[in-house]
Amino acid sequence: PPPPRRRRGKVRRKKKNEAAGAAAGPRSAPGARRGQVVVVLGWRPGAGMSILLKALNDRLAPGAECHVLSRRSEAARLKDLQEGALNLSKDGSMKLVHHLGDLAHSSALERLPLAEACAVLIGDDNAAAKNDAGGPSNRFHAGDLVRVIKSGSSKMGKTATVVDPDWKGLVKVNLTEDPETVVKSYTPMEVEQVHAGSAGGGGAG
């Protein structure tokens, strides 16, 4: 065994290290810490949204997330951001998360991390509902033919007919497959319009 003097020195160093660890606080598991979260309700068409998002990016700490809810399609939003020359690809930039939905529907709001948000910005979404990117309408109607684009879904790529465009904030569709018809519900971002049907056709099933 080591001499008593060396043993006492090891004990003192151990206690010193334990005290330093307690002062530093508990260690988090790698990747467990999440940055600030900001929620934006509504979208400003054109370069106006780029100005707002750039201001948020400049003020938020690295690792922050910005969740945006709007009726404007993601394709139209990306076009707006390109026109505004917004670049969030640099290291340390905030992560922009798009949500498609109506600000007036509770089901759309429930998909947002409101409990974690350090700030919620509310704007007007009426002008943003217009699709300036030339893509399909953000609003579906009963009878529309759509394609499932939900990533990882066994139904991805399948076509379906809309039977209820706003069932609890979701799009209820009929996937006609042999030998039976399958009824499914998707968020508006998980289906894309293939052909517009008659607004009055179909019914909720």
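Atoms considered below: every heavy atom in the structure, side chains included; atoms not considered: hydrogens, waters and symmetry mates. Keep in mind it's a predicted model, so treat the numbers as computed, not measured. Numbering starts at 1 and runs along the sequence shown.
- The OG1 atom of Thr161 sits 9.0 Å away from atom CG of Asp144, with the distance rounded to the nearest 0.5 Å.
- One finds the OG atom of Ser154 at 6.0 Å from the NZ atom of Lys184 (value rounded to the nearest 0.5 Å).
- Grouping the Ile, Leu, Val, Met, Phe, Trp and Tyr side chains by contacts below 4.5 angstrom, directly or via other members, places Leu96 with Met49.
- At a threshold of 4.5 Å between non-hydrogen side-chain atoms, the residues Leu109 and Leu41 count as touching.
- Val97 and Met94 are members of different hydrophobic clusters when ILVMFWY side chains are connected at heavy-atom separations under 4.5 Å.
- More than 12 heavy atoms of other shown residues, nucleotides or ligands fall within 6.0 angstrom of atom CZ in Arg111.
- Put simply, Val40 and Leu88 are part of the same group of oily side chains (I, L, V, M, F, W, Y) that touch within less than 4.5 Å, one to the next.
- Using a 4.5 Å heavy-atom threshold, the side chains of Val183 and Lys172 count as touching.
- Under the 3.5 Å distance criterion, the side-chain polar atoms of Arg72 are left unmatched by any main-chain donor or acceptor of Pro45.
- With Asn87 contributing its side chain and Ser89 its backbone, the two residues share a donor-acceptor pair below 3.5 Å.
- Looking at Val182 and Lys158, their side chains never come closer than 4.5 Å, going by heavy atoms from C-beta outward.
- The aromatic rings of Trp43 and His98 are tilted relative to each other, their planes meeting at an angle between 30° and 60°.
- Met156 is not connected to Val146 by any chain of hydrophobic side-chain contacts under 4.5 Å among Ile, Leu, Val, Met, Phe, Trp and Tyr, and they are in different clusters.
- In this structure, Leu112 is a member of the same hydrophobic cluster as Val120, with clusters built from ILVMFWY side-chain heavy atoms closer than 4.5 Å.
- The backbone N or O of Val68 sits less than 3.5 Å from a side-chain atom of Arg77, completing a donor-acceptor pair.
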**OP:** Would you check, one step at a time, whether the test side chain to side chain contact (heavy atoms under 4.5 Å, CB included) holds for Val171 with Val162?
**Re:** CA-CA 7 Å; Val171 181; Val162 176; 4.0 Å; yes
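- Side-chain atoms of Leu52 and Leu121, non-hydrogen and from C-beta on, do get closer than 4.5 Å to each other.
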